[in-house]
Structures are given as C-alpha cells and as structure tokens.
There are 2 protein chains.
Amino acid sequence: MALGKDYATQECSIARALEVVGERWTLLVVRDALYGVRRYNDFLVHLGIPRAVLAARLQTLTAEGILEKRRYQQSPPRDEYVVTERGIALWPTLRALGSWGREQFDGARLRYFRHAECGTELGPYGECALCGTIVPVTDVVMEPGPGLDPDPADPVSRALLKPKRLLEPLETDQA
Amino acid sequence: MALGKDYATQECSIARALEVVGERWTLLVVRDALYGVRRYNDFLVHLGIPRAVLAARLQTLTAEGILEKRRYQQSPPRDEYVVTERGIALWPTLRALGSWGREQFDGARLRYFRHAECGTELGPYGECALCGTIVPVTDVVMEPGPGLDPDPADPVSRALLKPKRLLEPLETDQA
DNA sequence: CCTTTCGGTTCAGTCACTGAACCAACCATG
DNA sequence: CATGGTTGGTTCAGTGACTGAACCGAAAGG
C-alpha cells in the first residue's frame, strides 16, 4: 500500500493482500481487466482515473504478476495488459465485494453474472446453485441489468453492454 | 473513499463498496472487529494505526452501519464498537481476500478457520466441505497456525492466540 | 492531591492522488 | 513533407489524506 508499509507488521494474509491491491483504483483496474478491458486508453476512459495513477497502477500490477504486458502489434508498437492467473484468482474477492455493496447499499441490479453452461445466475460467491459448483471465470457470462444506464457516454461502457464472457477481450467500436 | 468521490460515477457495486471500505486501514478494522476486538485501545495496539485515523475510521464505520457504538459501562463511561450484521456480511470478502493473499504470496499458515460443529477447515469461500454449506460466522472457530509468532508483544495478539469463535469478544489479560 | 487509564483532538510534516499540460513515436492524409 | 490524429505515456503544481507525536479531559485509584 506504499503508505508507510505498516501492514507488513500485521502477520495476516488479508493485510498482505491489501498491500498489493489495497491502493485506490487498484481493484477497479483488476475488475476492468476481468471484464475484458486490456488497453491503456480503455482503462482511462472507463475509470476516469488520472493518467499518472493509471500508469503507476498498471506498472505495479504488472510487477506483482496480476497483469501481463503484452505486445499485440509491432507497428506502431502497442502493448495490452492481460490479466494473469493470479489476477483471475481475485474474482471471488471482487464478486463478494460487489455482492456486499449491492445488498447493503444499492439494491439496483446493475449486471447479471450467469453460468454460461446453464444460464443460472451466480450466487454471491460465484457458485452456480443448479450445478452446485464454483463456476470458473471463463464460464461466466456478464450481461447488463435494469439498473445500468442504457446509453453511456464512453465507448468502453457501451461495449460492456453487450453480453460477453469474462476475460474475453473487449471490442470497442470507436464510433 | 473521500478522495475526489470519483467512484460515484462508476455504476458498479464494487465501486460502491470501495467507497465505504476502500480507504486505508478500514478493512483491517473490520477484520479485527470480526475477530472480537471491540475497544479503541485494542484496535490501536493491534493495528499500530495512528490514533487520528482510527478515530476517523471508527466514526465512518459507525455512520455506515458497519459498527455500532455501545456503552458497556457507566462509570467511567466507556464505549465499545461492535460489528453489525452489515459488517458481518463482509466476512466472505475478507475470507476471499485472505485466501488470495496466502495462496499467491505468503504460503505460511497463519490461522485456521474451522466449522465449529465438525472441526473441518473452511474452504476459500468460507464453506465447510464436509457439511456442504456456507458456515455462518458465529459457527466459525479461529485458531493459530504454525506461521504465527507464538509470543507477540502486544496483549491483543496474545489474546488472539487462544482458539475462539469469531465475534466472541476478546479478553485481554492486561498483564 | 497526584497519577494512571481511556478515548480521544490538534498539528506540523510527508506522501499520495488529482488534473492539466506536455511529449514522443508512429501512421494517415493532402 | 507538413499537418494532424492516435496511443501511451511523463511532468508538475496543488490538494488532500495519512503519520507520529504531543496534548487534553473525564474519571477512577491511591
């Protein structure tokens, strides 16, 4: 967490985790990465994050092995940030946090997450009640709920309105 | 999150949740509250948090309905902070975060969490593999693992070495 | 009285985040 | 070849959050 490093004295894996992903914006960057966002500019417009902070977060997330920087075209040279296994492993945490936020505060259904195989909506821990299993991230389909703005300003939010699998790269029609 | 409030534009319950518990130290305070810590001074020595920050966190957590301030003796007047249902509902998030931190970084077993009924160790989502259910927080027993310092300096850490149920108030022998 | 405990508040200093400006590499266009 | 657009940054001044130490007040306890 960079501030004072005091979590180091905590002898606790929660504290250890927060050292890595506890800074402002970090978990939202990981969330977007799981949603399929990969490019600097897409993170930027979707999160509304200051450029300097985004650059810093992408760097530390890469250094911690949560994202991987990958060249996807040579000319002009362009890199994308792809979420790794270690990042994918944060899905249950994000899912639990989101469930808590919605249950305790919002109420509105913003997005549905379903088991791709059977269409069942996931439980709060990312499990499929029908199949009785924890659904792997690649088998989760995300689709918009009634609470979501149907005509958002930025192209990334617009692209996220289409039902899609988690991790599947986002296609932004730059219109 | 108090910084700029930009999460408000996120249309996302994860962002909503982070508005409330995303600030530095906040989740660790909630963790301690679930472990049974209730008193200002116990939070203080166990977390090593600046007094001003602790006071601020306790206030906002109380305002958000995650903790409840409660007078436990009249003379001298003393209050304790008890975790509410809303705070208890953060247990799956903390559990997931802790599992992630240990699996991805630490490795060392610091604490075991078991289903009180049957003694089975909880899975990463707080479920009991034997009973096949999500274990309610009141039925979780916490005990020290081999990775934990067996003779810590502060009395709170020492009190947390004894196996105990979650939520059960901590008894600090002020020795 | 005098001291200690508990639960804070105050304050100066530091560090992180913010927002705007700037920059460099590369491509497309005329 | 100049111009402008796109992408992915860096720099920098200003603000706000966190830190650590000091101080404070109420209420025992001796």
Side-chain angles (χ1 to χ4, degrees), chain A residues 1-9 15 18-19 21-29 37-62 67 69-82 154-156 170 172-175, chain B residues 1-9 15 18-19 21-29 37-62 67 69-82 154-156 170 172-175:
Chain A
M1 199 133 186
L3 262 179
K5 308 285 183 199
D6 278 17
Y7 286 0
T9 68
L18 287 172
E19 287 281 353
V21 296
E23 284 172 309
R24 187 158 160 77
W25 296 110
T26 303
L27 277 178
L28 294 184
V29 172
V37 177
R38 294 184 168 192
R39 294 165 61 164
Y40 182 92
N41 236 323
D42 289 347
F43 286 110
L44 196 70
V45 304
H46 189 230
L47 292 172
I49 181 179
R51 306 177 78 90
V53 178
L54 176 58
R57 292 297 178 275
L58 290 174
Q59 248 210 304
T60 62
L61 283 172
T62 304
L67 300 181
K69 191 171 185 171
R70 190 150 83 183
R71 178 133 312 178
Y72 68 92
Q73 73 178 28
Q74 289 300 336
S75 172
R78 290 281 180 267
D79 297 320
E80 58 183 6
Y81 295 89
V82 186
D154 71 285
V156 179
L170 195 67
T172 43
D173 42 321
Q174 296 291 16
Chain B
M1 202 129 184
L3 259 180
K5 306 288 184 198
D6 278 18
Y7 287 0
T9 69
L18 288 172
E19 288 280 354
V21 296
E23 284 173 310
R24 188 158 159 77
W25 295 111
T26 303
L27 278 177
L28 293 184
V29 172
V37 177
R38 293 185 169 191
R39 293 165 61 165
Y40 182 93
N41 236 326
D42 289 347
F43 285 109
L44 197 68
V45 303
H46 189 230
L47 292 171
I49 181 178
R51 307 175 78 88
V53 177
L54 177 59
R57 293 295 178 276
L58 291 174
Q59 247 211 303
T60 63
L61 283 172
T62 304
L67 300 181
K69 191 171 185 170
R70 192 152 81 185
R71 178 133 313 178
Y72 69 92
Q73 75 177 26
Q74 289 299 336
S75 176
R78 290 282 180 266
D79 297 320
E80 59 185 3
Y81 295 88
V82 186
D154 70 286
V156 178
L170 194 69
T172 43
D173 41 322
Q174 296 292 15

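In what follows, chains carry the letters A, B, and so on, assigned in the order in which the sequence lines appear, proteins first and then strands, with residues in each chain numbered from 1. Source: prediction; values computed, not measured.
- Among the nucleotides D:dG8, C:dG7, D:dC18, the one closest to any side-chain atom of B:E23 is D:dC18.
- Exactly one of B:R39, B:R38, B:Q73, B:R71 qualifies for a side chain to side chain donor-acceptor pair (under 3.5 Å) with B:D79. That residue is B:R71.
- Across the interface with DNA chain C, nearest-nucleotide mapping of A:V53 and A:Q74 shows A:V53 to be the residue nearer the 5′ end.
- In this model, the phosphate group of C:dG7 is not approached by any side-chain N or O of B:R51 to a distance below 4.0 Å at OP1 or OP2.
- The listed nucleotides are C:dG8, D:dT11, D:dT19; the one nearest the side chain of B:R24 is D:dT19.
- Considering only side-chain N and O atoms, B:K69 lies nowhere under 4.0 angstrom from the phosphate OP1 or OP2 of C:dG7.
- At D:dT19, one or more side-chain N or O atoms of B:W25 fall inside 4.0 Å of OP1 or OP2 (strictly under the cut-off).
- Among the atoms of the strands shown, only primed sugar atoms or phosphate atoms (P, OP1, OP2) are found under 4.0 Å from some heavy atom of A:Y81.
- Taking side-chain N and O atoms only, B:R57 has a distance below 4.0 Å to OP1 or OP2 of D:dC18.
- Across all strands shown, A:A56 has no heavy atoms under 4.0 Å from either base or sugar-phosphate atoms.
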I'd like a table of atom pairs between the protein and nucleotides 28-30 of chain D - only N or O on both sides, under 3.5 Å - with the distance next to each one.
from	atom 1	to	atom 2	distance (Å)
D:dA28	OP1	B:S75	O	3.1
D:dA28	OP1	B:S75	OG	2.5
D:dA28	OP1	B:P76	N	3.1
D:dA28	OP2	B:S75	OG	2.5

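- For the atom pair OH (B:Y81) and NZ (B:K69), the distance works out to 3.5 Å, reported to the nearest 0.5 Å.
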